[in-house]
Amino acid sequence: MFETTKMSDDEFLQLGDIIYKKSAITLLREKKYFMENRLTRRLAELDFNTFKDYIYYIKYDPAGESELNYLVNATTVNETYFFRDRSQIDYWLNVMLPESMRQGKTEFRIWSAACSTGEEPYSLVMLLDSMGMYYKARFHIVATDINSNVVDMAKKGEYGEYSLKNVPDEMLEKYFTKNSNNVITLSQRIKDRVVFKTGNLIDPLSCERTGGNFDVIFCRNVLIYFDNKAKEQVINMFYSHLKTSGCLFLGYAESLSALKHKYHSLNFSSGTVHIKE
Amino acid sequence: MVNITFKNNKALIVVDNSPTRQEFVAARQELEVAMGIIGVDIDLARLEHIKSDQLAGFIMIRKVANSNQIPIVLFNVSDNVYRILQTSDTIKLFTIGKNYEHSSTDDLIKMFANVELADGASDHLAKHYNSEVRAELIKRIAADKPNIQACCLLTIGKACDTDSIDLVRSCLDSPHTQVTCAAIHVLGWFGDMESKDRLYDFILSPTKALAEAAGSAVALLSDDGDLVRLVELASSNKPEVRGIVVRVLALIGGENAFAKTANMLALETDVFIRKTIARCLSRFNTPQTVDLLVKLLDDKSMAVQEAAASGLGCTGLNGNESVVISKIKSPNIWVGYFAVRALGHSVSPETAKILIEAYPSVHSNIKLAIIEVLGHTHLPEAITLLETQLQGDNEDVRREALSALYVSGKKQTAKLALNIAETDQSWMVRYRAVEIIENEHPDGYIDVLRRINETEQNRFIKEKIALVLGI
């Protein structure tokens, strides 16, 4: 019932600017068509004829702030899957974690930042569980994402073929169930091990609400959406939320080399970990 | 994997996840000895992310292509890979394109699972529809995930494959809403009168998506003959059904449908539905539409007033300027905003003066609407107001004022733009200024742009300047 409303280049830049100021995410020009489709219905619901009207609504209406959340949700849709870039998780589990436990540590706080629909934190839980680590130490996993919709989906724990493509059969068997409608759900026992929250990496108050300091932070394939200024802000925020000797894992292609920071970076066979000394 | 093949004097390189250096070297060697190649296409549909040593592989291929002056294009670049190219500053070395030519039917159908790629893949399959594509789509409709089924159905619809109508009809019974929705849409596109009764039933569905889809489809199959049936539905005690009926009437259009809609408005008490009716009225192209909308500007509901004012932006005012202008100072800032927008671009000098007088005391969004209108008046007092707004605190106001002045006088504004492009605090305003400079080439623009380019941080402005200066 809704024809697509056309978005001019100028309107796209303005929307991009609004999204950037809220989330530090830069929109690629290729996203314009996608945004038109996503937002046309929203324009009709709000009685707007053009994207210009919508932009002014976000900026000048008292309800604009909550509309901005809707907009960010509409634009931050990122597909991911279980055990993505697993070698990084394996390195932490098989090298760094045992070392910390050898030194007497028995409690670990983990932050999965920009967790999307939860595959990363749940992957960690499944691996910890399968290694019997929950009998040897306590693990508190907090997972955050700016997009409230994906956080809700993460809490629900229902997944499709794409997300599950890397899950070994024995783990599928052990941790997932399929119902009569072919919906695949993660077991409640695993879901209960992660606390999900909505959180914005460039909003200091939001980051404070994540709660406390962490032994390890995973923030992978997210900083590529930010410019250098925002990247610096985020990695330094992470630094302040890490315990001494805590570590940060970024995506494979994400490097700190162009940024001002205090981490000590350590290369391992399939990646790099950044350590707070 | 890096796989190179040659066809029609073009090299196609398909890169899978985890390509190795040796594979790039092998591809480069093949390219070096190939004769008569006029282009290199690199398909990255299967590459989800990329590491720096892999980037080196692409640059290696590019070097060979460049040395033989062969254009090289990267296709189907994922968001991740694009951003890495951008971050590593290698994006400028490549032309990026979207091309489904090298993707198999199976690859394209897999893209249906990706919301960003689904439409493009579906359009491509519909455009190149043949028996192989058809067979594959039909197979997937029988056995794949609901979102894939839905996309397959829509593709069949886009391809106008009416031979598949029985299959589409059968999908009306799918347990999955998105599949049923897709089937409804396609039957509407096919003009399937046989399914009309069933589609009417879906209008009564408690599932909003189904009801709305059915409304669209019924509208495509309807004419004045359906008005009786729709009026019956309009007496439903469910507001959501009445809302759908109004939209269907608006899609059917014409004087008779308008009369029914006006009648619905007279009887309707639900504010949300009244607002929907007000909104839909603007779709009717009848002489009475504007009069009815103008009347609704005095409705007791602010939401209805807003919808009416917004609707007038689509219909024009048909001589009702003075009534509409009185709404500028409505307590609802959106009524005021839409009232100004509804004035369009040709306002009388008297109206322009009213707008100028009202300007200091209205809300920011209404100011922005006024600025846009004043740019078309060419009145000296309007120009004066616009020029003062170039110094304001609000970046939107400054940008709109600059745009409005440009409408009023291109050459003079281009001279102003030279300064604004260098000095304004907001990149949005500076960008607008550079756009104006790009269009008008005022005296001295090259030196100014070169100077700006040395210190400007914003990448959109830098790209624009590079385009203008040809660097």
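Reminder, nothing fancy here: chain letters follow the sequence lines and each chain counts from 1.
With a threshold of 4.5 angstrom between heavy atoms, B/Lys110 does not approach chain A through any atom at all. With a threshold of 4.5 angstrom between heavy atoms, A/Tyr56 approaches chain B through its backbone and through its side chain. Residue A/Asp227: no heavy atom, backbone or side chain, is found under 4.5 Å from chain B. Both the backbone and the side chain of B/Ala307 come within less than 4.5 Å of a heavy atom of chain A. Residue contact with chain B, scored on non-hydrogen atoms closer than 4.5 Å, is absent for A/Leu223. For chain B, the nearby parts of A/Thr26 are the backbone and the side chain; heavy atoms of each come within less than 4.5 Å.
Without hydrogens or angle criteria, B/Asn365 side chain to A/Tyr57 main chain gives no donor-acceptor distance under 3.5 Å.
Partners of A/Tyr81 according to the ring pair (Phe, Tyr, Trp, His ring centres under 6.0 Å) rule, which considers only residues two or more places apart in sequence or in another chain, are A/Tyr162.
Residue A/Phe12 qualifies as enclosed at atom CZ: its count of foreign heavy atoms under 6.0 Å is above 12. Under a cut-off of 6.0 angstrom, the local environment of CG in B/Asp393 is sparse, with at most 12 non-hydrogen atoms contributed by other residues, nucleotides or ligands. More than 12 heavy atoms of other residues, nucleotides or ligands sit less than 6.0 Å from atom NZ of A/Lys165. Open room surrounds NZ on A/Lys260; 12 or fewer heavy atoms of other groups in view lie less than 6.0 Å from it. More than 12 heavy atoms of other shown residues, nucleotides or ligands fall within 6.0 angstrom of atom CE in B/Met302.
Atom CD1 of residue B/Ile96 and atom CG of residue A/Leu28 lie 10.5 Å apart, to the nearest 0.5 angstrom. To the nearest 0.5 Å, atom CG of residue A/Asp9 and atom OH of residue B/Tyr431 are 7.0 Å apart. Atom CG of residue A/Leu13 and atom CD of residue B/Glu435 lie 7.5 Å apart, to the nearest 0.5 angstrom. Separating the CH2 atom in B/Trp334 from the CG atom in A/Leu46 is a distance of 9.5 Å, to the nearest 0.5 Å. From A/Gln14, atom CD reaches atom CD of B/Glu395 across 8.5 Å, with rounding to the nearest 0.5 Å.
Counting all heavy atoms, side chain and backbone alike, A/Asn49 lies closest to B/Ser310 at ND2-O, 3.1 Å. Nearest approach of A/Phe48 to B/Arg279, heavy atoms of both residues: O-NH2, 3.6 Å.
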(message) side-chain contact (heavy atoms from CB on, under 4.5 Å), that's the test. Do B/Glu372 and A/Lys52 meet it? Break it down for me.
(response) CA-CA 12 Å; B/Glu372 186 177 340; A/Lys52 190 182 233 182; 3.0 Å; yes
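Salt-bridge check for A/Asp53 with B/Arg341: passed, with a basic side-chain N closer than 4.0 Å to an acidic carboxylate O.
When each of B/Tyr337, B/Phe460, B/Phe338 is scored by its heavy-atom pairs under 4.5 Å with chain A, the top score falls to B/Tyr337. Options B/Arg459, B/Glu306, B/Lys275 differ in how many heavy-atom pairs under 4.5 Å they form with chain A, and the most are formed by B/Lys275. Comparing A/Asp61, A/Asn221, A/Asp10 by how many heavy-atom pairs each has under 4.5 Å with chain B, the most go to A/Asp61.
Side chain to side chain, B/Asn394 and A/Tyr60 meet the donor-acceptor criterion of an N or O pair below 3.5 Å.
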